[in-house]
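For reference, the structure discussed in these notes is given below.
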Amino acid sequence: ADGGIGREITRALAKKGASLVMACIDADAARPVCEEIKEESGNVAIEIMQIDFAALVSVRQFAGSFSDRYQQLHVLINNAGVFCAKRQETEDGFEKTIGINYLGPFLLTHLLLPVLKKTPQARIINVSSNAYAQGRLDLNNMHLNKRYQGFKAYANSKLAVVLFTLELAERLQDSGITVNAVHPGHVATNIWNMWPGKWYQALLFRIIRMFARMPEEAAQNSVFLATADEVKGITGTYFDGRKPKALPPACRDVTLRKNLWALSERLTGIA
């Protein structure tokens, strides 16, 4: 929550007077951001809690600490995201992109459901990307051990997020909790810092920034889904910005959706 879109979501919600928990991988690095937002917004009800989505033990520790401190959670925004040009693995042996972008948030959401269910009209917002349309999930090769491609891993992770959103919305349909996915737009953040030290990285990033939205603009889409009365009661929907958008047949594959859920439960130790 201290960088990119997450920082701007935090800033915008703080200005609306929300009590916030910033989930951050490095609490020390997040502290100056937190203090800056407190001063700018006049809202001191903001705290930092450490979480590393590349380690399921960290996700479990965060969820346990949160549940001990808080009795309600009105909005959960799963915003963490990475792009890896080369194949890397998480602490649990997952391909890093699918681990951080999908499996970590999958587990966190599951662990926070008891608190969410105590909260009237709670909302879950999963930040996806229209890159999901390029995803082709093979559940027998979810971690892309063969022929790794960075964009393929990223697209697959975002497709998994969309399928997770649809399945969770169905499972929670009688709970009062809404679950939606959002494409924030193409945003100029450090997620695209793919080739550190390469001369063309700076040039490419500069070109991307010319055509991409700035984080503060993109953040407003998640803030809208978190706070707007217009989306009250809407669930199981993919939003492109602030507009609901129909999903292609790949996302309506119920068998794939349910098999992904079952696999995710096994991988994260829920089942």
Side-chain angles (χ1 to χ4, degrees), residues 1-53 62 66 73-83 100-102 104-105 108-109 122-132 154 157-158 161 165 178-194 205-231 238-243 245:
D2 60 325
I5 299 173
R7 180 184 63 237
E8 300 308 325
I9 292 173
T10 303
R11 191 189 313 276
L13 291 175
K15 290 179 178 179
K16 289 180 176 291
S19 298
L20 299 168
V21 172
M22 297 175 63
C24 303
I25 190 170
D26 187 334
D28 290 334
R31 198 158 289 113
V33 177
C34 180
E35 294 305 316
E36 173 195 321
I37 292 174
K38 285 181 179 180
E39 183 176 353
E40 180 182 337
S41 65
N43 183 350
V44 297
I46 309 172
E47 81 164 293
I48 299 166
M49 291 178 61
Q50 195 274 337
I51 189 170
D52 182 357
F53 282 108
F62 175 95
F66 184 94
L73 175 57
H74 298 89
V75 182
L76 170 63
I77 303 178
N78 288 313
N79 176 70
V82 296
F83 182 107
I100 291 177
N101 293 7
Y102 168 63
L108 177 65
T109 303
R123 302 182 185 189
I124 299 170
I125 299 157
N126 296 321
V127 178
S128 185
S129 164
N130 63 1
Y132 83 85
Y154 183 78
S157 74
K158 294 304 183 178
V161 168
T165 299
T178 60
V179 191
N180 294 297
V182 61
H183 168 51
H186 298 290
V187 188
T189 70
N190 288 334
I191 192 175
W192 303 114
N193 193 16
M194 293 176 274
F205 188 61
R206 185 177 298 176
I207 294 171
I208 289 173
R209 288 180 69 90
M210 290 173 61
F211 297 98
R213 295 178 176 180
M214 297 309 294
E216 53 267 32
E217 180 185 357
Q220 292 304 315
N221 297 321
S222 294
V223 173
F224 172 76
L225 289 182
T227 62
D229 288 337
E230 296 97 304
V231 294
Y238 172 83
F239 285 81
D240 189 340
R242 300 187 182 189
K243 296 180 179 180
K245 187 171 183 179

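At distances below 3.5 Å, not a single donor-acceptor pair connects side-chain atoms of Ser128 with backbone N or O atoms of His183.
Of all the heavy atoms in Ile46 and Ala14, the pair that sits closest is CD1-CB, 3.9 Å. Shown here for Ile48 and Cys34, the closest heavy-atom pair between the two residues is CD1-CB, 3.7 Å. Heavy-atom minimum distance, Asn101 versus Pro105: O-CG, 3.7 Å. Closest of all the heavy-atom pairs between Tyr102 and Ser157 is CB-O, 4.2 Å. Here the closest non-hydrogen pair linking Ala18 and Asn43 is O-ND2, 2.8 Å. For Phe62 against Ala23, the heavy-atom pair with the smallest separation is CE1-CB, 3.8 Å.
Between Glu8 and Gln220, the closest side-chain pair of non-hydrogen atoms is not below 4.5 Å. The shortest distance between side-chain heavy atoms of Phe66 and Leu73 falls below 4.5 Å. Looking only at side-chain heavy atoms (C-beta outward), Ile125 and Asn180 stay at 4.5 Å or farther from each other. Side-chain contact check for Ile51 versus Leu108: some heavy-atom pair is nearer than 4.5 Å. Two residues are said to be in side-chain contact when any heavy atoms from C-beta on lie closer than 4.5 Å; Val231 and Arg123 meet this criterion.
Checked against a 6.0 Å centroid threshold, the rings of Tyr238 and Tyr132 count as neighbours.
Applying the side-chain contact (heavy atoms from CB on, under 4.5 Å) criterion to Glu47, with sequence neighbours excluded, gives Val21, Met49, Arg69, Tyr70.
Legend: side chain to side chain donor-acceptor pair (under 3.5 Å) pairs involving residues 14-30, not counting sequence neighbours, sorted by first then second residue: Lys15-Glu40, Asp28-Arg31.
The line from CG of Asp240 to OG of Ser129 is 9.5 Å long, rounded to the nearest 0.5 Å. A distance of 10.5 Å separates CG of Leu20 from NZ of Lys38, quoted to the nearest 0.5 Å. Interatomic distance, CD of Glu36 versus CZ of Arg11, reported as 5.0 Å (0.5 Å rounding). To the nearest 0.5 Å, atoms CG (Asn126) and CD1 (Ile77) are separated by 10.5 Å.
Side-chain polar atoms of Ser222 and Asn79 form no donor-acceptor pair below 3.5 angstrom.
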Q: Apply the test side chain to side chain contact (heavy atoms under 4.5 Å, CB included) to residues Thr227 and Leu13: give CA-CA distance (whole Å), side-chain angles for both, the deciding distance (0.1 Å), then the verdict.
A: CA-CA 9 Å; Thr227 62; Leu13 291 175; 3.8 Å; yes
